[in-house]
Amino acid sequence: MEQIETTKTAALDAIANANGLDELDAVRVQYMGRKGLIPDLMKHLKTIPNEEKRAYGQRVNDLKTAFQEALDARKQELEAAAEETVTAAFDLTLPGEWRGVGSKHPITQLTERAIRIFQTLGFTVADGPDIETVFNNFDALNHPPGHPARDVKDTFYLDDPDTLLRTHTSPVQVRYMLSHPPPIRIIAPGRCYRRDTPDATHSANFHQIEGLYVAEKVSLADLKGDLSHFAREAMGPNTKVRFRPHFFPFTEPSVEVDFSCHVCGGKGCRVCKNSGWIEIAGAGMVDPNVFKAVGYDPDKVTGYAFGMGIERIAMILFGITDIRHLYENDARYLAQF
Ligand code: DAH
């Protein structure tokens, strides 16, 4: 009985003196663990004379209860103290750290603006993968075998020689026509890849927006009207548009589309190579061979198509003098636009 009392005094002292949750847990193990002092007392029960067994057992149980209560109370105290220490470490009145709000990349801004403008003309957005088949990128677009654009010097082919990194967004035309009957009116923004040596106006990867309108009796006049509307909406009402005859395998007739240079207003500068004009797009009337490749009847439908460089538009619009600034990802530079 005396031993129970001594254990009790020592145990309650140990609890009271425990200075932290770890220490308190050590006390719990010391007294209540499987080999702890209190279970030990219980093991003595068999050495106790029968008539005292009951009282002895009762005392050990009382000790257990008292120990557990003291332990729980101390634990609460220590937890509260720990929380106070954490709170005291923060000055809740300090102003927060300002994290600047991000800005959209100029390419993204321009793409979104172009989508909005063409949507008002009834276009919907179509999409295709960066990794394309040679068929979609070249064959179906009327590039015969041996066409210079197919050369490995200009195009990134993948290990499977039937696949490549698309050199333009035009293969989206093929994908869309193969899966949708006419009439269709789509734009397809996306990333393109070419083996170009980087300079102020060239980059090995860049962005285009493809446009395609196929229906009965679509004409070159629709193309002129829609692209002029786009130029004025995107670049301002004074933007002039110029069409020059050109050649593309997948359109006939074909044109190149220039917008007046925004940096110099048409007087001539480094960006427009002193011409006052910047080449923005290739365009034309869809070649009958393209319609045949996708199963459209060239006697029933006609269509116009265009592909324009998003970087060029971003550059003249924002006065960016080197295309490489768009890819250096200096947030301080890009956040200006
Ligand atoms: N795919 C051409 C290029 O990357 C641009 C182009 C020209 C697209 C004429 C067209 C088009 O849809 O009709 O240079």
Side-chain angles (χ1 to χ4, degrees), residues 111 114 118 121 123 125-130 132-144 147-151 153-156 164-178 182 184-196 201-215 218-227 230-231 241-259 278-291 293-294 296 298 301-313 323:
T111 305
F118 281 108
L121 293 175
F123 285 74
V125 177
D127 196 14
D130 289 15
E132 260 298 359
T133 61
V134 172
F135 177 82
N136 286 345
N137 195 87
F138 288 131
D139 294 315
L141 291 168
N142 204 31
H143 288 72
H147 187 281
R150 301 175 70 130
D151 200 285
K153 285 201 301 299
D154 297 310
T155 298
F156 292 108
L164 44 71
L165 296 179
R166 65 178 176 191
T167 58
H168 48 183
T169 43
S170 304
V172 183
Q173 292 186 28
V174 177
R175 286 180 174 272
Y176 200 86
M177 288 192 283
L178 282 171
I184 56 169
R185 208 194 299 239
I186 53 154
I187 53 165
R191 193 186 287 267
C192 308
Y193 306 81
R194 277 182 211 174
R195 283 188 185 271
D196 271 339
T201 55
H202 291 84
S203 159
N205 88 65
F206 56 95
H207 298 75
Q208 288 187 338
I209 297 181
E210 193 77 12
L212 175 67
Y213 173 30
V214 182
V218 175
S219 75
L220 204 61
D222 295 306
L223 173 66
K224 273 194 162 184
D226 290 351
L227 283 182
F230 170 76
V241 177
R242 169 171 97 166
F243 287 2
R244 285 178 286 112
H246 198 71
F247 172 81
F248 292 107
F250 36 94
T251 43
E252 181 59 36
S254 305
V255 293
E256 267 187 335
V257 185
D258 299 339
F259 289 2
I278 298 196
E279 182 197 321
I280 295 290
M285 300 305 294
V286 178
D287 192 289
N289 283 339
V290 175
F291 283 147
V294 298
Y296 279 18
V301 290
T302 56
Y304 74 60
F306 61 83
M308 57 186 151
I310 303 179
E311 278 79 355
R312 280 169 189 257
I313 302 178
I323 196 171

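Both counts, for ligands and for their atoms, begin at 1 and track the order of listing.
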Of the side chain and backbone of Ala283, name the one, both, or neither that has a heavy atom under 4.0 Å from an atom of ligand 1.
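Ala283 to ligand 1: backbone contact only, side chain stays beyond 4.0 Å.
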Quick look: Arg194 vs ligand 1, heavy-atom contacts under 4.0 Å, and the answer is side chain
Does Met308 have a heavy atom less than 4.0 Å from any atom of ligand 1?
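Contact absent.
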Polar side-chain atom of Thr251 near backbone of Ser254 as donor-acceptor pair, under 3.5 Å
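Absent.
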Ignoring hydrogens and angles, tell me if any N or O in the side chain of Asn142 forms a donor-acceptor pair with the backbone of Pro249 under 3.5 Å.
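Yes; judged by distance alone, with no hydrogens or angles, the pair exists.
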Is there a polar contact, in the sense of an N or O pair closer than 3.5 Å, between Ala305 and ligand 1?
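Between Ala305 and ligand 1 (N or O atoms, distance only) the closest approach is under 3.5 Å.
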Has ligand 1 got any nitrogen or oxygen that is less than 3.5 angstrom from a nitrogen or oxygen of Thr167?
no
Heavy-atom proximity to atom 9 (C) of ligand 1, picking from Gly307, Ser170, Gly282, Pro171, points to Gly282
Considering Phe250, Phe206, Phe247, which one's heavy-atom position lies nearest to atom 2 (C) of ligand 1?
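Selected option, by shortest heavy-atom distance: Phe250.
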When you measure from atom 1 (N) of ligand 1 to every protein heavy atom, which one gives the shortest distance, and what is it?
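Of the protein heavy atoms, His168 ND1, 2.8 Å lies nearest.
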Could you check atom 12 (O) of ligand 1 against the protein and tell me its nearest heavy-atom contact, residue, atom and distance included?
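Heavy-atom neighbour on the protein nearest atom 12 (O) of ligand 1: Glu210 OE2, 2.6 Å.
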With a cut-off of 4.0 Å, which atoms of ligand 1 are near a heavy atom of Gly284?
13 (O)
Aromatic ring proximity Phe250/His168, centre distance under 6.0 Å
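Judged by ring-centre distance (under 6.0 Å), Phe250 and His168 do meet the cut-off.
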Under the criterion side-chain hydrogen bond (donor to acceptor under 3.5 Å, both in side chains), which of Asn137, Thr167, Asp139 is the partner of Arg150?
Asp139
Run Phe118 and Phe306 through ring pair (Phe, Tyr, Trp, His ring centres under 6.0 Å) and show every step you take.
CA-CA 12 Å; Phe118 281 108; Phe306 61 83; 5.3 Å; yes
Over 60° means perpendicular and under 30° means parallel, so classify the ring planes of Phe248 and His246, tilted if in between.
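Aromatic pair His246/Phe248 classed tilted.
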Scan side-chain atoms only and decide if Tyr304 and Asp226 contain a donor-acceptor pair under the 3.5 Å cut-off.
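Their side chains do contain a donor-acceptor pair, which is all the 3.5 Å distance test asks for.
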